[in-house]
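First the proteins, then the strands, lettered A, B, ... as listed; each starts at 1. It should be emphasised that the depicted structure is a prediction, and the values quoted were computed from it without experimental measurement.
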2 protein chains.
Amino acid sequence: MKTAGFNESDFFLDISTTQLDQIIRQGKVRELKSGAVLFHQGDPATQSFVVLEGRLKLCILHELGKEIVVRYIGPGELAAMVAVLEGQNYPASAEAVGLTRVVGFERRTMLKIIADHPPVALNMIRNALNRLEEMQNRYLEIYAEQVEQRIARSLLRIMKQAGKRSGDEILIDFPITRQELADYTGTTLYTVSRTLSAWQKKGWVKSKRGRIIIANPHALVLFTENF
Amino acid sequence: MKTAGFNESDFFLDISTTQLDQIIRQGKVRELKSGAVLFHQGDPATQSFVVLEGRLKLCILHELGKEIVVRYIGPGELAAMVAVLEGQNYPASAEAVGLTRVVGFERRTMLKIIADHPPVALNMIRNALNRLEEMQNRYLEIYAEQVEQRIARSLLRIMKQAGKRSGDEILIDFPITRQELADYTGTTLYTVSRTLSAWQKKGWVKSKRGRIIIANPHALVLFTENF
DNA sequence: AGCCGTCTTTGCGCTGGCGCAAAGAGCGGA
DNA sequence: TCCGCTCTTTGCGCCAGCGCAAAGACGGCT
């Protein structure tokens, strides 16, 4: 059982590796092909999941067409915490990005884990509050900032949790289309494409179909900060 | 000590009234004049607060001028849950709307309350997740919907937590300006004013300086649903 | 009663960025 | 190798709604 990466996760802070193995053994591992949907928005929330390998894309839909990417969930992170509560539905859908392995935990298992490992409850509160703060900031930004600035922030956010250094450059190590970056930023496919083209000319990014490399992260950071 | 309204609060679900009194006695009551700031965004978070009377406005600022109202916190509700965690800062500022009384709890008191009353931890998780879901939806809406639709939704949201029935009409029972409604919706003072004027002509709302009455809630609901 | 500060209304011009259309490019499958 | 699908690029027109300006209304205070 692969547990690498778990110790960086805020969910399993303060939990030793042996305890961790014991926890994971209480869940059920599932393997998902790229594009497979783990759960649908609105379905009764019965299980929480921890990603072992690969990545989940959480998104919510608006009646007719428009869609927002709420978050990407990488190895060691928890998805669908809501399942610890009774009578709730999943507030978002989860789709695998690339081949992905997850462990699923039933509600009673989650409650047992919380009871056995007291720090976990606080970790869950911390996790939820961090996400809340992030959403509040994104809400402020979508109101107060220009699209290009928001695209830069989106790239930096995604980079932080899924970036792979190679020299000065940073590769976003999962396939992401213009459309998905637009859904994450709250803009359109067209605007993202135009913006990335412009940045490519400036040497800030390099990209091919579904892959984005951030060639000059510093320039992007400056861009988000200035006016 | 006034505890009315507490039993509707999700924070104190499953807690009996006698236990409640005992909990409140562990905090320190403060009285705030209208407009007084209880805590500032970015300050070290040392206390959580429960509103007894009046109302808090939580807002976050963007560098130069723009501001978003995150939420209004009414009697029985908890603000600044983040203070249960060590080393965090307040992610928003809190300002009293009208004369307001709150109880403040130090971190160690909060931790003691959680330890003494096991359901509280789950209630806090539920509370955080509910807020997260609300913010995610607002984020989706600000991207996907027209301003007028969002203004209608904002009015309905505020109405739900601070509405006072009188006949068919519903009064929002605290002073709220066009600017504040704009900050809540993510639009401008001007657009809110124009929109409310139009709705006033249609008989959907009535308003004077700082007061809003929703004369036809049903019309607003339909308006948010259609196209 | 009168003043002053704050809140509200409305006209008007401007523009960011949306979204259609259509062409081009890359990748996988047979 | 060729075909077809999906992803990307770019031109172009259009409009929602922002934001200035200026006038008007309300309410609290002396």
side-chain N/O T188(A) vs dC18(C) OP1/OP2, d < 4.0 Å: yes
Distance, rounded to the nearest Å, where L189(A) contributes CG and dA21(C) contributes P: 15 Å
Any donor-acceptor pair under 3.5 Å from E180(A) side chain to T177(A) backbone: yes
Ring-face cation contact, Y184(B) with R138(B), 6.0 Å cut, 45° max: yes
Whole-Å gap separating C1' (dT15(C)) and CD (E148(A)): 14 Å
Short side-chain N/O contact from S193(B) to OP1 or OP2 of dT8(C), under 4.0 Å: no
N127(B)-R131(B) side chain donor-acceptor pair, cut-off 3.5 Å: yes
Mutual orientation of the aromatic rings belonging to W199(A) and F223(A) [parallel < 30°, tilted 30-60°, perpendicular > 60°]: perpendicular
Short side-chain N/O contact to dC7(C) OP1/OP2 from T177(B), under 4.0 Å: no
For atom CD of E145(A) and atom P of dC18(D), their distance in whole Å: 16 Å
Side-chain N,O (S197(A)) to OP1/OP2 (dT10(D)) below 4.0 Å: yes
Y143(B) OH to dG17(D) C1', straight-line distance once rounded to whole Å: 18 Å
Integer-rounded Å distance: dT8(C) P and Q200(B) CD: 12 Å
Atom-to-atom span, CD of Q179(B) to P of dC18(D) - whole angstrom: 12 Å
R178(B) side-chain N/O to dC7(C) phosphate OP1/OP2 under 4.0 Å: no
Candidate nucleotides dT9(D), dA21(D), dG17(C), ranked by approach to the side chain of Y190(B) - the nearest: dA21(D)
T191(A) vs dG17(C): side-chain N/O to OP1/OP2 distance below 4.0 Å: no
5' priority, DNA chain C, between S207(B) and R194(A) [closest heavy atom]: S207(B)
D183(B) CG - dC18(D) P separation (whole Å): 12 Å
Interatomic distance, L181(B) CG vs dT9(C) P [rounded to whole Å]: 11 Å
Q146(B), nearest nucleotide to its side chain (from dA16(D), dG19(D), dG19(C)): dA16(D)
Student check: side-chain heavy atoms of I60(A) and Y90(A) closer than 4.5 Å: no
N or O in side chain of K66(A) less than 4.0 angstrom from dG19(C) OP1/OP2: yes
